[in-house]
Amino acid sequence: ETSPATPCQQLCDVCSCNEDTGVLDCEARNLTVLPEMPVDTPWRTVRVLNNRLSTIPPSMVAMTRLQTFDARLNNIFHMSQELVDTVLSRSLEFDTDGNPTACYFNPNQQTLRRSGC
């Protein structure tokens, strides 16, 4: 009997995963949702740009090694307060800019900028 796939395995089935470089690249994979992720995953860089995402689970940015999260060119119109708080507390490079109505974090100013949210 096989055990159910972990969230990392689920993403790596459709994305390019490189544990040596710490990059999870899901660019243009037609994703509509992201799974909740455990905090101890190896990813330092997560690229989910150019998909059909409307939300991002807060656990995706709570991963302990994560430094850069690129979610440009999606349909992210609203970010939960939990996600905003997690991004701000981690001082991540977090970008959803690419959708004119997205909310996104500006790491240089340590602020969230909202445009049409």
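Residues: numbered from 1 along the sequence shown. The figures that follow rest on heavy atoms only: side chains count, while hydrogens, waters and symmetry mates do not.
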- Query: If every non-hydrogen atom of Glu82 is compared with every non-hydrogen atom of Thr86, which pair is closest and at what distance?
  - Reply: O-OG1, 2.8 Å
- Query: From Leu53 CG over to Cys26 SG, what is the distance, rounded to the nearest 0.5 angstrom?
  - Reply: 9.0 Å
- Message: Going by side-chain contact (heavy atoms from CB on, under 4.5 Å), Thr45 matches just one of Thr68, Asp70, Leu24. Which one?
- Response: Thr68
- ILVMFWY cluster, Val33 and Val14 together (side-chain gap under 4.5 Å): no
- Item | Approximate separation, where rounding is to 0.5 Å, of Thr41 OG1 and Glu19 CD | 9.5 Å
- Message: Show every disulfide bond (SG atoms under 2.5 Å apart) that has at least one partner inside residues 32-79, sequence neighbours left out.
- Response: none
- Considering only heavy atoms from C-beta outward, does the side chain of Ser16 approach that of Arg29 to under 4.5 Å? yes
- Identify the two heavy atoms, one from Leu66 and one from Val46, that lie closest to each other, and give their separation to 0.1 Å. CD1-CG2, 3.6 Å
- Task: Calculate, to the nearest 0.5 Å, the distance between atoms CG and CZ belonging to Leu73 and Arg52 respectively.
- Result: 14.5 Å
- Query: Same cluster or not: are Leu49 and Trp43 linked, directly or through other Ile, Leu, Val, Met, Phe, Trp or Tyr residues, by side-chain heavy atoms under 4.5 angstrom apart?
  - Reply: no
- Message: Would you compute the distance between atom OG1 of Thr64 and atom CG of Asp40 and round it to the nearest 0.5 angstrom?
- Response: 6.5 Å
- Do the side chain of Asp85 and the main chain of Leu83 share a donor and acceptor less than 3.5 angstrom apart? no
- Query: Could you state the interatomic distance from SG (Cys12) to CG (Asp25), rounded to the nearest 0.5 Å?
  - Reply: 11.0 Å
Check residues 54-62 and write down every donor-acceptor pair under 3.5 Å in which the side-chain atom is one partner and the other belongs to a residue at least two apart or another chain.
from  : atom 1 : to    : atom 2 : distance (Å)
Ser59 : OG     : Glu36 : OE1    : 2.6
Ser59 : OG     : Met37 : N      : 2.8

- Message: When you compare the side chain of Arg47 with that of Phe69, does any pair of heavy atoms fall below 4.5 Å?
- Response: no
- Task: Output yes when a side-chain donor or acceptor of Asp13 lies under 3.5 Å from a complementary backbone atom of Leu11, and no otherwise.
- Result: no
- Does Asn18 use its side chain to pair, donor to acceptor, with the backbone of Val23 at less than 3.5 Å? no
